[in-house]
Asks: 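Below is the structure I would like to discuss, written out as structure tokens.
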Amino acid sequence: MVDDELAEIRRRKMQELQRQQMDQQGMEEEMARQKQAEAQMHMMLMKILEPEARERLNTIKLTKPEFAQAVEQQLIMLAQSGRIRDRISDEQLKTILSQLIPNKREINITRKHKL
């Protein structure tokens, strides 16, 4: 009876270890796919952006990573669909960014002094 319980515990432990190993392999494969996708994205951006524009986009990535990633995906989609034929200059990227950034309302506060 004790041997049966011990064998059951060993069997469960082996199943748990196998499950953990499979999970770890799955995570490693996912990380490898992400790295490959990032490398492809980087290569595509190098083809469609001039160095100054790439530098500007990298600077934006430091402050607003989600926005920069959305811009990168948008640029890649435009290039893949054939809507971008020439390399994008810094001035063109500025124009694109100004169109994508929502207009902020300007708030003015005036104080009235009581005498």
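Only a predicted model underlies this, so the values are computations on that prediction, with no experimental measurement involved.
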Asks: What pairs with Arg56 under side-chain hydrogen bond (donor to acceptor under 3.5 Å, both in side chains), at least two apart in sequence or on another chain?
Replies: Asp90
Asks: Suppose we screen for side-chain hydrogen bond (donor to acceptor under 3.5 Å, both in side chains). Which residues come up paired with Lys47, at least two apart in sequence or across chains?
Replies: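 So Lys47 forms no side-chain hydrogen bond (donor to acceptor under 3.5 Å, both in side chains) with any residue.
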Asks: Output a table of donor-acceptor pairs, distance under 3.5 Å, between side-chain atoms of residues 26-34 and any protein atom two or more places apart or on a different chain; print 'none' if there are none.
Replies:
{"from": "Glu30", "atom 1": "OE1", "to": "Arg33", "atom 2": "NH2", "distance (Å)": "2.9"}

Asks: Please tabulate, one pair per line, all N/O donor-acceptor pairs under 3.5 Å involving side-chain atoms of residues 65-86, not counting sequence neighbours.
Replies:
{"from": "Glu72", "atom 1": "OE2", "to": "Lys61", "atom 2": "NZ", "distance (Å)": "2.8"}
{"from": "Ser81", "atom 1": "OG", "to": "Met77", "atom 2": "O", "distance (Å)": "3.2"}
{"from": "Ser81", "atom 1": "OG", "to": "Leu78", "atom 2": "O", "distance (Å)": "3.0"}

Asks: Between Arg87 (side chain) and Ile48 (backbone), is there a donor-acceptor pair under 3.5 Å?
Replies: no
Asks: Once you round to the nearest 0.5 Å, how far does CD of Glu38 lie from CE of Met43?
Replies: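 It comes to 14.5 Å.
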Asks: Name every donor-acceptor pair, under 3.5 Å, that has one atom in a side chain of residues 7-19 and the other anywhere in the protein, sequence neighbours excluded.
Replies:
{"from": "Glu8", "atom 1": "OE1", "to": "Arg11", "atom 2": "NE", "distance (Å)": "3.4"}
{"from": "Glu8", "atom 1": "OE1", "to": "Arg11", "atom 2": "NH2", "distance (Å)": "3.3"}
{"from": "Glu8", "atom 1": "OE2", "to": "Arg11", "atom 2": "NH2", "distance (Å)": "2.3"}
{"from": "Glu8", "atom 1": "OE2", "to": "Arg12", "atom 2": "NE", "distance (Å)": "3.3"}
{"from": "Arg11", "atom 1": "NH1", "to": "Gln15", "atom 2": "OE1", "distance (Å)": "3.4"}

Asks: Output all residues satisfying side-chain hydrogen bond (donor to acceptor under 3.5 Å, both in side chains) with Glu55, sequence neighbours left out; order by chain, then residue number.
Replies: none
Asks: Quick check for you: to the nearest 0.5 Å, what is the distance between Gln92 atom CD and Glu52 atom CD?
Replies: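 Between atom CD of Gln92 and atom CD of Glu52 there are 11.5 Å.
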